[in-house]
S.K.: 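Take this structure first; my questions come after.
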Amino acid sequence: SGLLTFSYSKSWATLILKRGFPAIPLFFMVFVLYNTDKYMINYFFGPARAGLYGLAAQFAFIITMLSSAFITPFYPFLYDNLNNGNLRKVVIVTSSYMLLLGITGLAIYLLAPIGFRYFIAPKFYPSLYYLPFLIVGQFFYSAYMILGGLVYYKRQNNVYYFIAPMVILFTIAINYYLLSTLKISQFAYTSALSYLFCFIVLAFFYRREVRKGLVILSRSGFKFIN
């Protein structure tokens, strides 16, 4: 009855491909960040150590879950306020959120030993050794996700063609160097350094916006928004 029709727009298809293809290297970057340390620990130190490390990573992953929940409504909020020139509101909300994540990370670090004592067998207690740096790594990844909103707002998705290979190479190199060459026992160094580098690279691309945000924060003073 003519209710179903087929139409094709070359301009829309081109736009979709242009915006979507940068997500491919981004996907590989996230995959490498999440898995390289675990794979290399398993290879160089065995599955038992990798299991302990993975258990600690599950506790640190709580921060990422909070970030994922926050980032879904944050991007529309970010775009709307940037369009209206409300940069100060964006800066204060973002700072409040990062402070909340910092408090959450500290709470996880302080409460995890209690959880291990009452709910987890003593043989898994060494997992706590890795927890602080894993929390730091997830904190910087959350900061990276906030800056990622600028990529889409400015329609600069192609930046991932440069960022993703840099982060992938650094992550693999730092893991191999620390775990294979130095054979460090604090495996979580690799996670913290990888996520920190990921944040630094994106912050460098948007250093003007970061600098402007810091100036606004210093002038307005820090306070929470209800």
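For this chain, numbers begin at 1 and follow the sequence in order. Computed from a predicted structure; not experimentally measured.
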S.K.: What pairs of donor and acceptor atoms, side-chain ones from residues 76-84 against any protein atom, are under 3.5 angstrom apart with sequence neighbours left out?
M.R.:
residue, atom, partner, partner atom, Å
Asn81, OD1, Asn86, ND2, 3.3
Asn81, ND2, Phe77, O, 2.8
Asn83, OD1, Tyr153, OH, 3.0
Asn83, ND2, Tyr79, O, 3.1
Asn84, ND2, Asp80, O, 3.1

S.K.: Other residues, nucleotides and ligands only: do more than 12 of their heavy atoms fall within 6.0 Å of CZ on Phe70?
M.R.: yes
S.K.: Residues in ring-ring contact (aromatic ring centres under 6.0 Å, His included) with Tyr109, at least two apart?
M.R.: none
S.K.: Considering only distance and modelled atom types, tabulate donor-acceptor pairs under 3.5 Å from the side chains of residues 34-41, sequence neighbours left out.
M.R.:
residue, atom, partner, partner atom, Å
Asn35, ND2, Phe31, O, 2.9
Thr36, OG1, Val32, O, 2.7
Asp37, OD2, Tyr53, OH, 2.6
Lys38, NZ, Tyr34, O, 2.7

S.K.: Return yes if some donor-acceptor pair links the side-chain N/O of Gln186 with the main-chain N/O of Tyr129 below 3.5 Å, else return no.
M.R.: yes
S.K.: Are Tyr189 and Leu182 close enough that some pair of their side-chain heavy atoms sits under 4.5 Å apart?
M.R.: no
S.K.: Begin from the C-alpha positions of Leu196 and Val136 and carry the test side-chain contact (heavy atoms from CB on, under 4.5 Å) through to its verdict.
M.R.: CA-CA 8 Å; Leu196 173 60; Val136 170; over 6 Å; no
S.K.: Hey, what do you get for CG (Leu111) to CG (Leu106), rounding to the nearest 0.5 Å?
M.R.: 9.0 Å
S.K.: Just verifying a value: how many Å separate Leu134 CG and Tyr130 OH, rounded to the nearest 0.5 Å?
M.R.: 10.0 Å
S.K.: Can you give the donor-acceptor pairs under 3.5 Å from side chains of residues 197-215 to other protein atoms, not counting sequence neighbours?
M.R.:
residue, atom, partner, partner atom, Å
Tyr206, OH, Gln156, OE1, 2.6
Arg207, NH1, Phe204, O, 2.6
Glu209, OE2, Lys154, NZ, 3.2

S.K.: Would a single hydrophobic cluster contain both Phe21 and Val30, if residues Ile, Leu, Val, Met, Phe, Trp and Tyr are joined by side-chain heavy-atom contacts under 4.5 Å?
M.R.: yes
S.K.: Is Phe116 close to Pro122 at the side-chain level, that is, under 4.5 Å between some pair of heavy atoms?
M.R.: no
S.K.: Salt bridge (charged side-chain N to carboxylate O under 4.0 Å, His left out): which pairs involve residues 165-187, sequence neighbours left out?
M.R.: none
S.K.: Applying side-chain contact (heavy atoms from CB on, under 4.5 Å), can you list everything that pairs with Ala121, at least two apart in sequence or on another chain?
M.R.: Lys123, Phe124
S.K.: Within a strict 4.5 Å, meaning less than it, do heavy atoms of the Arg117 and Tyr125 side chains meet?
M.R.: yes
S.K.: I need the minimum non-hydrogen distance between Leu128 and Pro113, along with the two atoms involved.
M.R.: CD1-CA, 3.9 Å
S.K.: Quick one: CD1 on Ile103 to CE on Met98, what's the gap to the nearest 0.5 Å?
M.R.: 12.0 Å
S.K.: Could you give the side-chain donor-acceptor pairs of residues 157-176 under 3.5 Å, partners two or more places apart or in another chain?
M.R.:
residue, atom, partner, partner atom, Å
Asn157, ND2, Arg19, O, 3.2
Thr171, OG1, Val167, O, 2.7
Asn175, OD1, Thr190, OG1, 3.3
Asn175, ND2, Thr171, O, 2.6

S.K.: Show the numbers, then the answer: is there a side-chain contact (heavy atoms from CB on, under 4.5 Å) between Phe187 and Phe45?
M.R.: CA-CA 10 Å; Phe187 309 137; Phe45 296 90; 3.6 Å; yes
S.K.: At what distance, to the nearest 0.5 angstrom, does CD1 of Ile216 lie from NZ of Lys89?
M.R.: 14.0 Å
S.K.: Could you pull out all donor-acceptor pairs under 3.5 Å where a side-chain atom in residues 5-14 meets a protein atom, sequence neighbours excluded?
M.R.:
residue, atom, partner, partner atom, Å
Ser9, OG, Ser11, OG, 3.0
Ser9, OG, Trp12, N, 3.2
Thr14, OG1, Lys10, O, 2.8

S.K.: Strictly by modelled atom types, are Tyr43 and Ser180 linked by a side-chain donor-acceptor pair under 3.5 Å?
M.R.: no
S.K.: Check side-chain contact (heavy atoms from CB on, under 4.5 Å) between Leu4 and all other residues, then give those that pass, not counting sequence neighbours.
M.R.: none
S.K.: Suppose the criterion is side-chain hydrogen bond (donor to acceptor under 3.5 Å, both in side chains): which pairs have a residue in residues 191-205, not counting sequence neighbours?
M.R.: none
S.K.: Could you pull out the closest heavy-atom pair between Tyr75 and Gly148, with the gap in Å?
M.R.: OH-C, 3.8 Å
S.K.: Holding to side-chain contact (heavy atoms from CB on, under 4.5 Å), I want the full list of residues that pass it with Leu66, two or more places apart in sequence or in another chain.
M.R.: Leu101, Thr104
S.K.: Give the C-alpha distance, both sets of side-chain angles, the deciding distance and a yes or no for side-chain contact (heavy atoms from CB on, under 4.5 Å) between Ser95 and Leu99.
M.R.: CA-CA 6 Å; Ser95 302; Leu99 177 61; over 6 Å; no
S.K.: Rounded to the nearest 0.5 Å, how far apart are OH of Tyr97 and CD1 of Ile146?
M.R.: 5.0 Å
S.K.: Can you tell me how far apart CG (Leu179) and CZ (Phe44) are? Round to the nearest 0.5 Å.
M.R.: 7.0 Å
S.K.: Between Ser127 and Leu55, is there a donor-acceptor pair closer than 3.5 Å when you use the side chain of the first and the backbone of the second?
M.R.: no
S.K.: Quick one: side-chain contact (heavy atoms from CB on, under 4.5 Å) partners of Ile16, sequence neighbours excluded?
M.R.: none
